[in-house]
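Report on the following structure.
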Amino acid sequence: MKAYYSDHYVLPLPPGHKFPMGKYEMLRRLVSTPGVVPGVELLAAERASDEDLARAHDPGYVGRVARGELDEAEVRRIGFPWSSAMVERSRRSSAGTVAACRTALAEGVAVNLAGGTHHAFAARGEGFCVFNDSAVAARALQADGSIRRAVVIDCDVHQGNGTASIFSGDDSVVTYSIHGANNFPYRKERSDVDVPLPDGTRDGEYLAALAATLPGVLKDARADLAIFVTGADPHENDRFGRLKLTAAGIAARDRYVFAACRDTGIPVAASMAGGYGRDVAQTAAIHLETVRVAASAAEAYA
Ligand SMILES: [Zn+2]
C-alpha cells in the first residue's frame with residue numbers, strides 16, 4: 001500500500017502553539033520502521049498548483065494565501081501565522097490526498113499521512129486548515145474524468161464543515177460526517193448526512209451509530225471513490241475531542257469503514273486529520289494503527 005508523506009515541509013510555529021506539528025514526522029518514522037506496516041511503500045507528496053487548488057477554492061483566496069495577503073482576521077481564523085512554509089506545506093498535504101485518491105482507484109486503498117483539513121471553505125481557512133485536501137482531490141479526479149462521483153466519509157471528531165459547504169448543492173460528491181455534537185465548529189454546516197454524538201460517547205455507541213448510518217450512505221452515493229477523513233481526535237485522551245473512544249474503538253471504526261467500502265465496491269483514500277492528545281506519541285500511535293488497518297484492507301482489495 002502506498003502512503004504519501006509531507007512532514008519534511010514543516011510550518012514554523014511559535015513556542016507553546018497547540019498544533020502538534022511533530023506528530024507527522026513521528027508517524028512517518030513509525031510507518032517506515034521495518035515490519036511495522038507490512039507492505040507499505042512511502043512516497044513524498046508532490047505540490048498542488050494554484051490551478052489544482054482553484055478547482056475547489058475561490059481563486060482570489062488561493063492567490064491571497066500564496067502571496068501572504070490574508071488579513072489579520074483571516075490569519076487568526078486559520079490559527080497559524082502566515083509563512084511561505086505554511087503555504088508549501090498546505091500544497092503538499094493537499095497533493096498527498098490527490099495522489100492517494102489516484103492510487104486508490106488503481107490499487108483499492110492508499111493513504112495520505114497528512115491531510116484531512118476539512119475546516120477549509122472555498123474562500124477561507126479555519127481551525128488549522130488552509131486548503132481542503134478532500135475537495136481539491138475530488139475535483140482533480142472529476143476534472144480529468146477519473147471519477148464522476150465521490151463520497152467523503154469524515155470520522156474526525158469535528159464536523160467537516162468546510163467540506164459540507166464546498167459540496168452543498170453538488171450531488172456528485174456526497175458528504176458524511178460523524179462527530180461530537182458539542183465540538184468546534186459551534187455553528188455547523190449541513191453535510192448530506194450528519195451524525196452528531198453526545199459528549200462522552202464510548203466505543204459501543206459510536207460503532208452502533210456508524211453501522212446504523214454509513215452502509216446506507218455508501219449504497220445511495222453510487223460513488224467511484226471514497227475519501228476517508230479518519231481522525232485520531234475521537235480518542236478519550238484528546239484535548240479537544242469530547243468523545244471517549246479507546247484506541248481499540250478507533251481501530252474498530254477504521255476496520256468497519258474499510259470493510260463497508262469494500263463491500264460496496266468503492267476504493268478508499270484515507271487521510272489522517274486531527275489528533276491532539278496530551279501525549280503526542282499516543283496520537284501518532286493512533287494514526288499509525290489507522291495506517292496498519294488500511295494496509296491490511298489493501299490486501300483484501302488486491
Ligand atoms: Zn478534528
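In listed order, ligands and their atoms are each counted from 1. These figures come from a predicted structure and were not determined experimentally.
- Judged by distance alone, with hydrogens and angles left aside, the side-chain atoms of Trp82 form no donor-acceptor pair with the main-chain N or O of Leu70 at under 3.5 Å.
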If you apply the rule side-chain hydrogen bond (donor to acceptor under 3.5 Å, both in side chains), what do you find for Tyr176 with Thr213, and how did you get there? CA-CA 9 Å; Tyr176 170 90; Thr213 51; 2.7 Å; yes

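- Among the backbone and side-chain atoms of His118, no N/O/S atom is found under 2.8 Å from the Zn ion (ligand 1).
- Each of Asn161, Thr163, Asp154 was evaluated against His118; a single residue qualifies, Asp154, per the side chain to side chain donor-acceptor pair (under 3.5 Å) test.
- When distances from the Zn ion (ligand 1) to the N, O or S atoms of His158 are compared, ND1 comes out shortest.
- The minimum distance between the Zn ion (ligand 1) and any N, O or S atom of Asp233 involves atom OD2.
- At a threshold of 4.5 Å between non-hydrogen side-chain atoms, the residues Leu13 and Pro81 count as touching.
- Minimum-distance N/O/S atom of Asp156 relative to the Zn ion (ligand 1): OD1.
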